[in-house]
Protein chains: 2
Amino acid sequence: MATIRDVARHAGVSISTVSLALNGTGPVSEETRARIDAAVAAVRYTPNLMAQNLKRGQSKLVGMVLGDAANPFFGRLFGTIDKQISGHEHMLIVANLASDPDRELRTLTLLKRHRVAGIIMTPLRNDPEFAAYLNEIDVPVVLVDQDVDGTALDFVTSDHHRGTEMLTEYLARLGHRRIAYVGGQRSMWVARRRLEGFRAAMAKADIPVEPEFEVVADYSADLAYDNVIRLMSAPRRPTAILAANNYMAIGALQAVTDLGFRCPDDVSIAGIDVVAWSSIVMPRITTVEQPIEDLARVASLWMMEHVRGEAVRGGPRRCHIAEPRLVIGHSCAPPPK
Amino acid sequence: MATIRDVARHAGVSISTVSLALNGTGPVSEETRARIDAAVAAVRYTPNLMAQNLKRGQSKLVGMVLGDAANPFFGRLFGTIDKQISGHEHMLIVANLASDPDRELRTLTLLKRHRVAGIIMTPLRNDPEFAAYLNEIDVPVVLVDQDVDGTALDFVTSDHHRGTEMLTEYLARLGHRRIAYVGGQRSMWVARRRLEGFRAAMAKADIPVEPEFEVVADYSADLAYDNVIRLMSAPRRPTAILAANNYMAIGALQAVTDLGFRCPDDVSIAGIDVVAWSSIVMPRITTVEQPIEDLARVASLWMMEHVRGEAVRGGPRRCHIAEPRLVIGHSCAPPPK
DNA sequence: TCTTGGTATCGAACCGTTTCGATTGGATCG
DNA sequence: CGATCCAATCGAAACGGTTCGATACCAAGA
């Protein structure tokens with residue numbers, strides 16, 4: 001592949017002149033500039049960004065770590081962030097954790113070796129060892145969706161607490177009192193926040209939480225399915241089910257349908273984050289939507305500030321907490337008498 | 001950030017010895033190796049991959065160009081490819097075209113500047129100018145899903161022709177004769193193949209194709225919605241609708257539902273590529289599934305062969321055409337009497 | 001005529017690595 | 001005991017760029 005040297009030879013000028021001309025970083029006569037442009041075209045020169053970055057001591061690469069690429073939530077998040085970042089020369093180098101927290105550290109180290117200018121990530125782990133690693137990393141990091149306790153990194157999320165609260169309030173207003181909650185692993189920050197929102201709303205509505213109605217299904221459709229089969233087969237069964245993510249909502253819907261119940265006539269179902277293009281299908285599931293575009297916009301904005309050196313690392317922590325939006329579908333109704 | 005020089009100084013050896021030791025590429029005494037390891041830990045050394053790549057004249061970066069990151073098809077494709085590629089040191093640098101063909105050339109050029117070792121892409125454009133560009137690019141390319149006429153690049157896809165054929169045969173077997181086809185832009189390779197499969201199956205079943213039943217909806221749910229509203233409002237309406245992708249299938253389902261028809265009692269709906277996690281929802285749409293994991297596996301395998309220099313560019317063209325799988329749901333039934 | 005100053009161009013050092021061709025010192029061998 | 005050989009280590013030259021401090025030239029001012 002052609003190098004700057006080839007261009008220089010072909011144009012009959014020195015290497016430095018070519019560099020000066022191409023970057024517009026020094027005075028070059030009109031005539032020389034024309035000869036250089038011609039040479040560039042003739043030898044098909046494409047500047048080597050690795051060499052440029054090495055010399056300049058900076059990088060045009062931004063790392064992005066996704067919790068689970070197969071989940072449409074992450075697809076839309078990535079798409080929007082990419083639109084903002086992949087501008088002039090910057091590009092995104094993306095890694096997928098596939099929901100496996102063990103890959104997290106290795107992935108971050110690999111990104112460091114690639115000398116990325118910054119990292120946007122949706123973390124899975126939330127433990128002191130991981131927090132310590134993040135505190136020592138010398139690359140700007142913006143966390144999205146989930147927090148890591150004990151760090152002071154920029155953080156963009158939606159109000160998960162408020163999200164389940166809104167859905168719970170809605171179900172309570174419809175008259176439900178036996179509301180089951182299908183949640184994620186308690187060790188995850190987001191799962192805890194969502195559970196707390198549920199409990200807060202239940203308390204406010206003065207409904208006692210029944211412990212057997214609070215189940216953990218690890219954000220998996222299959223586990224949610226099994227749990228809901230169990231819940232709905234018990235003599236005293238819930239009249240409404242609140243699932244803490246899209247997969248579990250669909251698993252729950254599948255379970256009640258397979259048992260011969262109709263939704264919403266026999267049982268109401270609501271879910272967090274059931275993204276638009278699946279909720280078109282019947283029955284449209286009542287959900288709270290995270291404003292993904294908004295999250296992505298703020299995350300990439302802050303990242304670019306870091307990359308351009310405008311934001312200081314170690315300054316006060318920046319948090320952006322977006323308000324989720326209640327989208328009422330056809331999956332909820334007053335409880336059967 | 002610490003460089004190899006810092007390690008050398010700290011360990012009291014020369015730079016070359018450190019390099020030799022770290023890469024295991026020369027004899028180093030046990031004792032020196034220990035001192036170097038200690039130094040690496042002490043100064044927190046992380047090798048600079050940009051510098052390594054520059055020197056070695058290779059790159060650990062593989063480019064990936066996605067047609068539309070928000071579509072779960074691409075999310076799963078990316079996730080699986082990432083799992084195969086992101087091995088030891090390789091990583092994926094991903095760009096999203098957001099269905100905009102104008103970004104395609106610019107994106108490829110940017111990847112070239114980053115000196116990626118190869119590019120896996122799902123192309124949007126399919127015209128001579130684009131083919132010419134691809135023929136001149138000096139980076140190994142593997143095409144996925146869609147072909148570009150006039151190139152001889154490695155190509156991995158599923159049998160789109162066979163896919164619509166299977167669905168059409170299935171509808172014909174159920175007794176349908178008024179089958180509407182909602183397809184994508186004819187300029188796209190995949191859209192043409194799918195349309196041909198439909199026509200072939202219709203001919204084989206000896207059903208005349210009615211031109212007004214072949215509509216174009218650009219792979220968009222909204223356009224499909226509008227078209228199906230029109231089709232189903234006409235005096236002579238189809239008894240079955242075949243949608244050529246997931247978005248359009250959902251748009252079609254939405255349209256018939258909004259008009260008060262029931263699916264499958266009043267009208268059958270089948271769609272290509274309605275991915276698993278949305279098809280759980282009721283009614284489960286009958287579909288042909290692309291074996292995404294298989295496509296991803298072959299694509300990354302071939303790419304790694306190129307990266308490792310095992311595959312020759314300019315050799316005979318390699319094609320992998322996977323068989324789609326018919327998944328029968330609850331959205332199709334014999335036509336009303 | 002001798003500075004001064006600005007414009008266009010160039011040479012060389014450097015970014016962080018790898019790698020090739022020395023150099024050194026001890027062990028082995030005839 | 002001198003010639004060989006091998007293991008361990010090092011110095012220096014790249015890789016493809018950027019950038020700083022020359023240098024050469026020419027016009028303007030004293």
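A, B, ... follow the sequence lines: proteins, then strands. Residue 1 opens every chain.
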>> Nearest whole Å is fine: how far is dT18(D) P from Arg56(A) CZ?
In response: 5 Å

> Are Glu293(B) and Lys83(B) ion-paired here, with the side-chain N under 4.0 Å from a carboxylate O?
Replying inline: no

>> Apply side chain to side chain donor-acceptor pair (under 3.5 Å) to residues Thr109(B) and Tyr133(B) and explain how you reach the verdict.
In response: CA-CA 10 Å; Thr109(B) 307; Tyr133(B) 182 91; 3.1 Å; yes

> Which whole-number value in Å describes the distance from Met1(A) CE to dG17(D) P?
Replying inline: 10 Å

> Between Arg318(A) and Glu305(A), is there a salt bridge with N-O shorter than 4.0 Å?
Replying inline: yes

> Rounded to whole angstroms, how far apart are CD on Gln58(B) and P on dA14(D)?
Replying inline: 20 Å

> Rounded to the nearest Å, what distance is computed from the NZ atom of residue Lys55(B) to the C1' atom of nucleotide dC20(C)?
Replying inline: 9 Å

> Could you state the CG-C1' distance from Leu49(B) to dG16(C), rounded to the nearest angstrom?
Replying inline: 12 Å

>> Tell me the interatomic distance from Arg113(B), atom CZ, to dG17(D), atom C1', rounded to whole angstroms.
In response: 12 Å

>> Assess whether a salt bridge exists between Asp100(B) and Arg106(B), defined as any Lys/Arg side-chain N lying under 4.0 Å from an Asp/Glu carboxylate O.
In response: no

>> Angle between the two end axes of the helix from dT1(C)-dA30(D) to dG30(C)-dC1(D), five base pairs per end, rounded to 10 degrees?
In response: 60°

> Can we say Asp138(B) and Lys112(B) salt-bridge, meaning some charged N sits less than 4.0 Å from an Asp/Glu carboxylate O?
Replying inline: yes

>> What is the separation between atom CG on Asn53(B) and atom C1' on dC15(C), rounded to the nearest whole Å?
In response: 15 Å

> Side chains of Ser19(B) and Ser16(B): donor-acceptor distance under 3.5 Å anywhere?
Replying inline: no

>> Go nucleotide by nucleotide along DNA chain D from the 5' end; which of Arg33(B) and Arg5(A) gets its closest nucleotide reached first?
In response: Arg33(B)

> Charged N to carboxylate O below 4.0 Å: is that the case for Glu89(A) and Lys60(A)?
Replying inline: yes

Which pairs would a plain distance check flag for residues 42-57 of chain B, meaning a side-chain donor or acceptor within less than 3.5 Å of a matching protein atom at least two apart in sequence or in another chain?
{"unit_1": "Arg44(B)", "atom_1": "NH2", "unit_2": "Glu136(A)", "atom_2": "OE1", "d": "2.4"}
{"unit_1": "Asn48(B)", "atom_1": "OD1", "unit_2": "Met50(B)", "atom_2": "N", "d": "2.9"}
{"unit_1": "Asn48(B)", "atom_1": "OD1", "unit_2": "Ala51(B)", "atom_2": "N", "d": "3.2"}
{"unit_1": "Asn53(B)", "atom_1": "ND2", "unit_2": "Leu49(B)", "atom_2": "O", "d": "3.2"}

>> Please report the distance, rounded to the nearest Å, between CG in Asn48(A) and C1' in dG16(D).
In response: 6 Å

>> Any residue in residues 9-30 of chain A with a heavy atom nearer than 4.0 angstrom to DNA chain D? Just list them by number, or reply none.
In response: Ile15(A), Ser16(A), Ser19(A), Leu20(A), Asn23(A)

> Taking the side chain of Leu54(A) as heavy atoms from C-beta outward, which of dT17(C), dC15(C), dA8(C) is closest to it?
Replying inline: dC15(C)

> Would you say a side-chain N or O of Gln52(A) is under 4.0 Å from OP1 or OP2 of dT18(D)?
Replying inline: yes

> Closer to the 5' end of DNA chain D via nearest nucleotide, is it Arg115(B) or Glu31(B)?
Replying inline: Glu31(B)

>> Do Asn126(A) and Asp149(A) pair up side chain to side chain, a donor and an acceptor below 3.5 Å, judged on atom types alone?
In response: yes

